Protein chains: 2
Amino acid sequence: MGILLKKCEKIGLRLTEQRRSVLAVLEEAKDHPNIHDLFERASKVDPNLSIATVYRTVKLLEELNVLTKLEFGDGIARYEVADRDHHDHLIDLKTGKVIEFYDEEIEKLQQQLARKLGYRLRGHRLELYGTLLEDEK
Amino acid sequence: MGILLKKCEKIGLRLTEQRRSVLAVLEEAKDHPNIHDLFERASKVDPNLSIATVYRTVKLLEELNVLTKLEFGDGIARYEVADRDHHDHLIDLKTGKVIEFYDEEIEKLQQQLARKLGYRLRGHRLELYGTLLEDEK
DNA sequence: GTAGATGCAAACTGTTTGCGAGGTG
DNA sequence: CACCTCGCAAACAGTTTGCATCTAC
């Protein structure tokens, strides 16, 4: 049984057919799907799923901290499961490919910086945009 | 004469009434105005300015690297003059206030990280979200 | 059985665009 | 004068919402 499903059960969410479909898609997604992706994938299992339901489900899950919303500056929201280890993103400017990374030192520095400015760090977003070194030859 | 105006002149932009108004607003903006802000402020000088023109002007300026587009995850694009020293943003979760900061060490770390992943860093976005330490008492 | 979830379509928000009129260089 | 830019309104894309119906608990 999926981790997400279990989590939602624990929260006490009503587990409808539609929510199960969306959760299943999220569960097995290796990428960072947007609403349209989720809708398309879940529709294969549940053909008369409505996109409004996907919006509602995803919004709900985001508010419950089950999902994290990502916005890479193209105006399209993407989602990923929130629970996994924290990481940031590097976006390949040529291909749009998204690479996840984590760096302890940067995390610490951010914490310190916020405090220096008089704030408690509640969250952050770090995105690196780059091009493959290989492509330079 | 404003720096922005001069820059646009050098680029060879046609300097219409409307563009002058928008540039003037940007020139003196101490915050990070969105399109609506720009439209309202510029409208005071140029009452029959159209919001479509603001969109067109801002888009143009962004493409010419005169402006930088900021997106803080609420779906509203904000703008700032691109030329100033690079900096990142800390967003106050309670008030929405935006504080600018710059940290050499973080900049360097990002560069190194990208290279470690096989990329040349072309840009980045770092946003810290926090709450005032003072508010905790 | 009942509160809550769904599908549908209409409404909304931020942004873009086609067109004829107007202004800049 | 030619080309670019403008204002207007209509078109768009992504997202939200009102309402009647349906369903998980």
Side-chain angles (χ1 to χ4, degrees), chain A residues 1 4-26 32-64 66-79, chain B residues 5-6 8-26 32-64 66-79 96:
Chain A
M1 180 191 181
L4 279 187
L5 200 56
K6 205 176 287 181
K7 191 166 182 182
C8 290
E9 209 169 52
K10 188 168 280 174
I11 291 172
L13 273 195
R14 189 174 286 200
L15 289 175
T16 61
E17 262 313 289
Q18 294 87 336
R19 287 185 181 167
R20 282 172 196 276
S21 312
V22 174
L23 285 169
V25 168
L26 284 164
H32 305 78
N34 58 37
I35 296 282
H36 196 253
D37 296 332
L38 292 174
F39 175 61
E40 293 230 312
R41 296 180 202 174
S43 289
K44 288 193 181 151
V45 186
D46 187 350
N48 56 338
L49 172 67
S50 152
I51 199 165
T53 297
V54 180
Y55 273 108
R56 283 191 270 234
T57 302
V58 160
K59 190 176 200 177
L60 184 66
L61 295 176
E62 195 201 342
E63 283 162 1
L64 294 169
V66 175
L67 289 185
T68 301
K69 185 188 211 173
L70 308 172
E71 298 181 52
F72 293 150
D74 58 0
I76 298 172
R78 270 157 253 253
Y79 295 87
Chain B
L5 200 57
K6 203 177 288 182
C8 291
E9 206 169 53
K10 189 168 281 177
I11 292 172
L13 273 194
R14 190 174 287 198
L15 290 175
T16 62
E17 261 316 287
Q18 293 88 335
R19 287 183 181 168
R20 282 173 196 275
S21 312
V22 174
L23 286 169
V25 169
L26 284 164
H32 304 78
N34 59 38
I35 296 282
H36 195 253
D37 296 332
L38 292 174
F39 175 60
E40 293 229 310
R41 296 180 202 173
S43 289
K44 288 193 181 150
V45 186
D46 188 349
N48 57 340
L49 172 68
S50 152
I51 199 166
T53 297
V54 180
Y55 273 106
R56 282 192 270 234
T57 303
V58 161
K59 189 176 200 176
L60 185 66
L61 295 176
E62 195 200 341
E63 283 163 0
L64 294 170
V66 175
L67 290 185
T68 301
K69 185 189 211 171
L70 308 172
E71 297 180 53
F72 293 150
D74 58 0
I76 298 171
R78 271 156 252 254
Y79 294 87

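The structure displayed is predicted, hence computed values, not measured ones. Letters go in sequence order (proteins before strands), and every chain restarts at 1.
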Check: [Y] and [X] side chains under 4.5 Å, non-hydrogen atoms:
| X | Y | result |
| --- | --- | --- |
| A:Lys69 | A:Tyr79 | yes |
| B:Ile11 | B:Val66 | yes |
| B:Ile76 | B:His36 | no |
| A:Arg19 | A:Leu13 | yes |
| B:Cys8 | B:Leu64 | no |

Nearest-Å distance, [atom1] ([X]) to [atom2] ([N])?
| X | N | atom1 | atom2 | result |
| --- | --- | --- | --- | --- |
| B:Phe39 | D:dC6 | CZ | C1' | 13 Å |
| A:Arg78 | D:dG14 | CZ | P | 11 Å |
| A:Leu23 | C:dA5 | CG | P | 13 Å |
| A:Leu60 | C:dA5 | CG | P | 7 Å |
| B:Ile35 | C:dG14 | CD1 | P | 11 Å |
| B:Arg19 | D:dT5 | CZ | C1' | 6 Å |
| B:Leu61 | D:dT5 | CG | C1' | 14 Å |

Quiz prompt | Among C:dG14, C:dG7, D:dG14, the nucleotide that comes nearest once only the side chain of A:Leu49 is considered | solution =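 That would be C:dG7.
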Quiz prompt | Contact letters for nucleotides 17-25 of chain C, in which S counts primed atoms plus P, OP1 and OP2 and B counts the base, heavy atoms under 4.0 Å | solution = BB----BBS
Self-check item: Upstream residue (5' side of DNA chain C) when A:Ser50 and B:His36 are each assigned their closest nucleotide
Solution: A:Ser50
Quiz item: Given C:dG7, is OP1 or OP2 found less than 4.0 Å from the side-chain N or O atoms of A:Gln18?
Solution: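 For A:Gln18, the contact criterion (side-chain N or O under 4.0 Å from OP1 or OP2 of C:dG7) is met.
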Look up atom [atom1] in [X] and atom [atom2] in [Y], then write down how far apart they are to the nearest 0.5 Å.
| X | Y | atom1 | atom2 | result |
| --- | --- | --- | --- | --- |
| A:Asn48 | A:Glu17 | CG | CD | 10.0 Å |
| A:Glu9 | A:Leu23 | CD | CG | 11.0 Å |
| A:Leu5 | A:Leu26 | CG | CG | 11.5 Å |
| A:Leu49 | A:Thr57 | CG | OG1 | 7.5 Å |

Practice problem: With DNA chain D as reference, determine whether A:Ala77 or B:Thr53 sits nearer its 5' end, using the nearest nucleotide of each. | Solution: B:Thr53
Quiz prompt | End axis versus end axis in the helix from C:dG1-D:dC25 to C:dG25-D:dC1, the angle rounded to 10°, five pairs used at each terminus | solution =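 Rounded to the nearest 10 degrees, the bend comes out at 40°.
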Self-check item: Sugar-phosphate, base or nothing in reach of A:Ile51, heavy atoms under 4.0 Å
Solution: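 No contact.
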